[in-house]
2 protein chains.
Amino acid sequence: MADGKGRYAQIVQKLKTHGHHLTPQRLAIIKAIVESDRHPSVEEIHARLRKTFPTMSLATVYRNVMLLKSLGEVLALGFPDGSNRYDGRHPFPHPHVVCVRCKKIVDPELQSGRELARAVGDATGFRILSHRLDFFGICRDCEAAGKKGCGAGQAAK
Amino acid sequence: MADGKGRYAQIVQKLKTHGHHLTPQRLAIIKAIVESDRHPSVEEIHARLRKTFPTMSLATVYRNVMLLKSLGEVLALGFPDGSNRYDGRHPFPHPHVVCVRCKKIVDPELQSGRELARAVGDATGFRILSHRLDFFGICRDCEAAGKKGCGAGQAAK
DNA sequence: GACAAAGATGATAATTGTTACTAATCGATA
DNA sequence: TATCGATTAGTAACAATTATCATCTTTGTC
């Protein structure tokens with residue numbers, strides 16, 4: 001999936017028009033987010049960038065992820081267990097499927113979100129601004145791996 | 001809504017069959033949870049019970065909420081901002097509508113959850129165990145109150 | 001290319017919600 | 001009522017996130 005490139009340029013452009021500086025760290029963080037299809041955590045982004053930026057501070061990752069979020073270019077997925085994962089490819093509300101064992105997060109193809117949101121708005125009188133729809137389960141890989149851990153394990157906390 | 005009474009008895013019964021003691025604090029916490037239709041936070045439960053149990057520890061509330069959750073009698077709603085709310089009336093996965101201004105949480109009447117879960121399972125190969133569906137918006141009260149705070153404000157964090 | 005102003009970084013302290021720990025107390029059964 | 005194990009209150013420990021601040025970098029201009 002190579003649409004990471006388009007997203008990268010798109011985000012950089014938005015930063016420019018909003019008058020933000022383009023530091024190497026910032027650009028690397030953006031690249032890490034859009035290149036990953038794993039919905040990475042801040043820790044994962046940080047760990048990955050330490051290879052090229054040994055002095056990269058965790059605070060910098062947090063700051064930039066928050067900035068991107070505030071610009072609407074990243075979707076933050078906070079989970080009840082305190083873990084946070086980020087989606088830089090589809091920065092708008094959409095469903096997720098989470099493997100409770102290996103923490104893999106998949107974006108299922110579903111169109112029903114919008115319709116559902118409108119139905120909920122009608123039923124409750126709320127003006128719906130956003131939504132979150134998470135399904136938790138066991139992915140095929142983990143199912144196949146039996147009781148043991150899944151090969152593609154990517155723990156988030 | 002008086003089904004709180006039934007839930008109370010139900011939960012007490014389950015605690016008994018699982019060999020847990022029925023302390024006054026524990027019973028009061030259960031009552032507070034099932035009597036509230038506000039999806040209270042731990043802090044709210046604690047604050048409310050301080051009136052009758054001035055020495056009630058915050059840790060006790062956490063412990064008991066976790067116990068009820070582990071018994072499947074309470075549904076924990078963790079939000080990305082770190083706040084946690086608890087539903088003792090419908091302790092199973094279901095949709096929620098959250099007012100982002102006053103933090104009110106409403107349970108809309110929707111049946112589509114189960115069907116949707118099956119569709120997602122089919123589409124992704126996951127064995128779906130649970131789900132969360134949260135809509136975020138502005139409730140009618142807050143909308144009417146304009147830019148100012150909502151009268152029924154019940155901040156969670 | 002050098003300059004000034006605004007913004008960004010790195011390191012660490014502070015904060016916050018939650019969990020772990022301990023000694024003392026309480027509940028349920030015989 | 002005696003006994004044992006569960007539970008409590010209080011507090012320390014924890015972990016994830018945010019705030020702070022001195023230093024350094026980027027940007028736009030000359």
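What you see is a predicted model, and the numbers here were worked out from it, not measured in a lab. Chain A is the first sequence line, chain B the second, and so forth, proteins listed ahead of strands; every chain is numbered from 1.
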Handout entry: Separation of dG17(C) C1' from Arg85(B) CZ (nearest whole Å)
Key = 15 Å
Problem - Non-neighbouring partners of Gln10(B) that pass side chain to side chain donor-acceptor pair (under 3.5 Å), sequence neighbours left out - result: Arg7(B)
Exercise for the section: May I have the distance from Arg26(A) (atom CZ) to dT27(D) (atom C1'), rounded to whole angstrom? Expected result: 13 Å
Would you be so kind as to tabulate the donor-acceptor pairs closer than 3.5 Å made by side chains of residues 25-32 of chain B, with sequence neighbours excluded?
unit_1   : atom_1 : unit_2   : atom_2 : d
Arg26(B) : NE     : Asn64(B) : OD1    : 2.5
Arg26(B) : NH1    : His21(B) : O      : 2.9
Arg26(B) : NH2    : Asn64(B) : OD1    : 3.3

Exercise for the section: Could you tell me whether the phosphate oxygens of dT18(C), OP1 or OP2, come under 4.0 Å of any side-chain nitrogen or oxygen in Asn84(B)? Expected result: yes
Handout entry: cation_pi(Arg101(A), Phe126(B)) dist<6.0 Å, angle<=45
Key = no
Completion exercise
Quick note, salt bridge (charged side-chain N to carboxylate O under 4.0 Å, His left out) partners involving residues 47-61 of chain A, not counting sequence neighbours, are Glu35(A)-Arg48(A)
Fill in the blank from the handout: Residues in residues 46-71 of chain A with a heavy atom under 4.0 Å of DNA chain C, by number, are Thr55(A), Met56(A), Ser57(A), Ala59(A), Thr60(A), Arg63(A), Asn64(A)
Fill in the blank from the handout: From CD of Glu44(B) across to C1' of dG17(C) the rounded distance in Å is 15 Å
Handout entry: Partners meeting ring-ring contact (aromatic ring centres under 6.0 Å, His included) with His94(B) (sequence neighbours left out)
Key = His90(B), Phe92(B), His96(B)
Handout entry: Any residue meeting side-chain contact (heavy atoms from CB on, under 4.5 Å) with Ala119(B), in chain and number order, not counting sequence neighbours
Key = none
Fill in the blank from the handout: Sorted by chain and number, sequence neighbours left out, side chain to side chain donor-acceptor pair (under 3.5 Å) with Thr60(A) holds for Arg63(A)
Handout entry: Salt-bridge criterion met for Lys104(A) and Asp141(A) (N-O under 4.0 Å)
Key = yes
Practice task
Name all residues meeting the side chain to side chain donor-acceptor pair (under 3.5 Å) criterion together with Lys16(A); count only those two or more places apart in sequence or in a different chain, and write none if there are none.
Solution key: none
Exercise for the section: Sugar-phosphate means primed atoms, P, OP1 and OP2; the rest is base. With that split, encode nucleotides 25-30 of chain C 5' to 3' as B, S or - using protein heavy atoms under 4.0 Å. Expected result: --SS--
Problem - Length of the CG-P vector between Leu27(A) and dT25(D), whole Å - result: 15 Å
Handout entry: By side-chain contact (heavy atoms from CB on, under 4.5 Å) - contacts of Pro93(B) (at least two apart)
Key = Ser130(B), His131(B)
Exercise for the section: Examine dT25(D): is either OP1 or OP2 under 4.0 Å from a nitrogen or oxygen in the side chain of Gln25(A)? Give yes or no. Expected result: no
Problem - Ile45(B) CD1 to dG17(C) P, straight-line distance once rounded to whole Å - result: 15 Å
Completion exercise
Taken in chain and number order and not counting sequence neighbours, the residues that satisfy side chain to side chain donor-acceptor pair (under 3.5 Å) with Arg127(A) are Glu143(B)
Problem - Axis-to-axis angle between the two ends of the helix from dG1(C)-dC30(D) to dA30(C)-dT1(D) (five base pairs per end, rounded to 10 degrees) - result: 40°
